[in-house]
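Working notes, beginning with the structure itself.
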Amino acid sequence: MSEPVAPSTRPTMESVVSLCRRRGFIFQSSEIYGGINGFWDYGPLGTALKRNLKQAWWSDVVERELIGPDGNAVDIVGVDCTIIMNPKTWIASGHVGGFNDPMVDCRESKARYRADHLVVIGRTAPDARLFAFLESDDDAKAKAIKTLCKYERIDSPDPASHTMRLFTTLSETDRARCVGPDASAPGSLTEPRQFSLMFKTNVGAIESDDSSAYLRPETAQGIFTNFWNVVDTSRVKVPFGIAQIGKAFRNEVTPRNFTFRSREFEQMEIEFFIRPESAPEWYRWWRDERFRWWQSIGLGSGNLILREHDRDELAHYAKEGAGTSDIEYRFPFTAPGFGELEGIAHRADFDLKAHATHCGKGEKLRYFDQERNERYFPHVIEPSAGADRGTLALLCEAYTPDPARASGVYMKFHPRMAPIKAAVYPLVNKEGMPEMAEGIYRSLRKKHAVEFDEKQSIGKRYARMDEAGTPFCFTVDGDSLSSGTVTVRHRDTLAQERIAADQVGSWLDDKLDSTA
RNA sequence: GCGGGCGUAGCUCAGUGGUAGAGCGGCAGCCUUCCAAGCUGCAUGUCGAGGGUUCAAAUCCCUUCGCCCGCUCCA
């Protein structure tokens, strides 16, 4: 189970996408009109898979008992907030102004850069050329300096006359003498332009500037703005968490890689509120707990890693925090690299403070810790996961080519995630077998997603279940009527065992409950 | 946004200007005692879309949309 899979034996993304289409896991949105870039629909099996993922998450973080690092049960309550919120929310959160990054295009090289990442070097003289580079790219910086020296026929820049400036601080005339990072002539860089990553809409039938609103780019802010409501109404005490599953929208520049980066997606977020000094302890605990959780639902192979962020890639709200880490999965399209499934970040008190300030109540909104007789803004540990990315990881991980079987492939879902838990089949369509099988099917169906099929050959029916990832098939054969037993066919091993027909329900319950 | 590749049945694909096809899959029936067996039959297409050239376009031209890969981007 924990054997790392060599990249060469891993499925191609093409084959995963093809199976998703063929078996009804995922379709392109509005496909009959040619689709729409960055939007995806889930078909019958995909919907079941994603629901199982979300239900497992909700059940495991909100409903079931979880013991925290302090030895006490972790207290988490749920909310379900709106997608459209008061636009002031996004000013407070920093999404308006920060999220909408100004970009600069290069007319010559056709490249696009974030304006606030561009730096120029050169003389201040009004006719001197300025050479631009991306501040994070040392090679580009070296190249810009080299080009500068070559252009001015000098050996090295003179600190007294050559200055570095941010591109965003340049005047229009200064920009005209800039040479882009990948350009040869000056004047090819455009002025910084806003590319809004938030979807805009209007509230009310009449459009005006005042009526503008945004589709939320993350579910977190609904939790933060409801923090005080939850504290006032639900008897929670720090440390506690608020969880939410919901849609979020980002107008991505380049949606790519199937459902991995889509414009409409679903998040599973917890904001866990703690005393500031306990941040390191809770951060580490959540990071490890969340990693363990993803492993428990079927991502236990070497394709899942926990990666601590370097200090220089931390978000603005996390610079001084206890840390940020990603749980990452090696997708076929990222291999040998990894793509993020969930981020765990110590957001300090950034969000609660920001909302307290922007709504005008300020310090009055500090949380009162009765035990300590103290007021403060709790710190936050945020485990924020992508439901669509998680579903995609489950699909990629489950995809197991097997030339030995008729389907050529089977989906090795963890039983808890499997869209169909079991199928019940008569071996052949006669001698009372269909009737007995249907009886078992109907009793199982009271509790589980199961399937019954009496058509075609048994091999064909098994093959179909392999591609749907159904872990167990119960088959009524010639001996079943007299012995009161059925066979169980195990998806992964193809092994069969015989169990009592009246025990099938409890047998299945056991298998689905086990987290192995 | 740039560059490259691709788009024909549910899937994989053939079809270079002249009646839209194959294999697999699907459905129905027969058959079938454990892994897509066989037989018979059936259904399935805006040839991604729009426009143009032509007597005639899946095929040539233009535009556009979508998918994949590489850049770029990913608060």
Side-chain angles (χ1 to χ4, degrees), chain A residues 12-24 27-40 43 90 93-114 116-117 134 137 181-182 190 193 195-198 217-218 220 250-258 260-263 313-318 332-333 339-340 343 345 402 404-410 425-431 433 454-467 473-481 486-491 494-496 498:
Chain A
T12 62
M13 202 54 213
E14 219 179 342
S15 57
V16 174
V17 173
S18 168
L19 181 130
C20 284
R21 174 83 185 86
R22 187 168 74 244
R23 286 298 170 191
F27 308 121
Q28 241 186 311
S29 169
S30 36
E31 190 186 69
I32 59 167
Y33 291 108
I36 176 167
N37 195 352
F39 297 88
W40 301 90
W90 310 114
S93 69
H95 287 86
V96 171
F99 199 98
N100 301 352
D101 301 314
M103 305 293 285
V104 173
D105 284 327
C106 177
R107 296 184 190 95
E108 182 186 325
S109 69
K110 306 298 181 194
R112 174 177 289 175
Y113 314 93
R114 258 183 71 173
D116 58 340
H117 285 181
L134 284 167
D137 186 342
D182 305 293
T190 65
R193 293 181 290 195
F195 286 82
S196 177
L197 293 186
M198 281 199 287
E218 62 176 28
R250 294 181 197 179
N251 210 345
E252 296 286 355
V253 178
T254 314
R256 211 37 99 79
N257 293 327
F258 204 29
F260 183 78
R261 175 168 296 128
S262 46
R263 289 180 163 138
E313 61 177 314
L314 293 181
H316 57 94
Y317 50 73
F333 50 80
E340 179 185 352
D402 180 5
R405 63 180 81 194
S407 51
V409 61
Y410 66 105
Y425 295 145
L427 181 58
V428 290
N429 207 5
K430 60 183 183 186
E431 291 167 16
M433 291 181 223
E454 56 186 352
K455 301 284 187 186
Q456 299 167 319
S457 72
I458 192 73
K460 199 169 220 172
R461 285 175 269 160
Y462 285 157
R464 266 200 288 261
M465 287 302 103
D466 278 349
E467 284 201 333
C473 293
F474 301 108
T475 302
V476 172
D477 61 18
D479 296 336
S480 294
L481 287 163
V486 297
T487 62
V488 187
R489 181 249 194 197
H490 294 258
R491 175 195 64 203
L494 302 179
Q496 293 194 359
R498 190 164 272 277

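Numbers restart at 1 for each chain; the letters A, B, ... are given by sequence-line order, proteins then strands. Computed from a predicted structure; not experimentally measured. Both backbone and side-chain heavy atoms feed into the values below; hydrogens, waters and symmetry mates do not.
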Could you tell me how far B:U72 sits from B:C13 if I compare only their P atoms? Round to whole Å. 30 Å
Donor-acceptor pair under 3.5 Å, A:Arg461 side chain vs B:C35 base: no
May I ask you to verify if any side-chain N or O of A:Asn257 is less than 4.0 angstrom from the OP1 or OP2 atom of B:C69? yes
OP1 or OP2 of B:G25 under 4.0 Å from side-chain N/O of A:Arg23: no
Tell me: CD1 of A:Ile36 to C1' of B:G48, nearest whole Å? 15 Å
Between A:Ser457 and B:A37, is there a side-chain N or O to OP1/OP2 distance below 4.0 Å? yes
A:Arg491 has an atom CZ; how far is it from atom C1' of B:C34, in whole Å? 19 Å
A:Trp40 and its ring pair (Phe, Tyr, Trp, His ring centres under 6.0 Å) partner, picked from A:Phe27, A:Phe258, A:Phe260: A:Phe258
Side chain of A:Lys460 (C-beta onward), nearest among B:A75, B:G25, B:G29: B:G25
Given B:C67, is OP1 or OP2 found less than 4.0 Å from the side-chain N or O atoms of A:Asn37? yes
At less than 3.5 Å, do the side-chain atoms of A:Arg256 and the base atoms of B:G70 form a donor-acceptor pair? yes
Check the phosphate of B:C35 against A:Ser407, side-chain N and O only, distance under 4.0 Å to OP1 or OP2. Yes or no? no
Closer than 4.0 Å, any side-chain N/O of A:Arg22 to the OP1 or OP2 of B:G10? no
With hydrogens left out and only the distance checked, is there a donor-acceptor pair under 3.5 Å joining A:Tyr462's side chain and the base of B:C34? yes
Is a donor-acceptor contact shorter than 3.5 angstrom present between the side chain of A:Glu14 and the base of B:C68? no
Point-to-point distance, once rounded to the nearest 0.5 Å, from OG1 of A:Thr475 to CD1 of A:Ile458: 4.0 Å
Check if the side chain of A:Thr487 and the base of B:C34 share a donor-acceptor pair of N or O atoms closer than 3.5 Å. yes
Out of B:C67, B:C34, B:A28, which has the shortest distance to the side chain of A:Ile458? B:C34
What does A:Glu218 touch in the nucleic acid at a heavy-atom separation under 4.0 angstrom: a base, only the sugar-phosphate, or nothing? base
When we call it a touch if two heavy atoms are under 4.0 Å apart, what does A:Glu467 touch: a base, just sugar-phosphate, or nothing? base
Could you check whether A:Asp477 gets within reach of a base, just the sugar-phosphate, or nothing at all, counting any heavy atom under 4.0 Å? base
Do any side-chain nitrogens or oxygens of A:Gln496 fall under 4.0 Å of OP1 or OP2 in B:C35? no
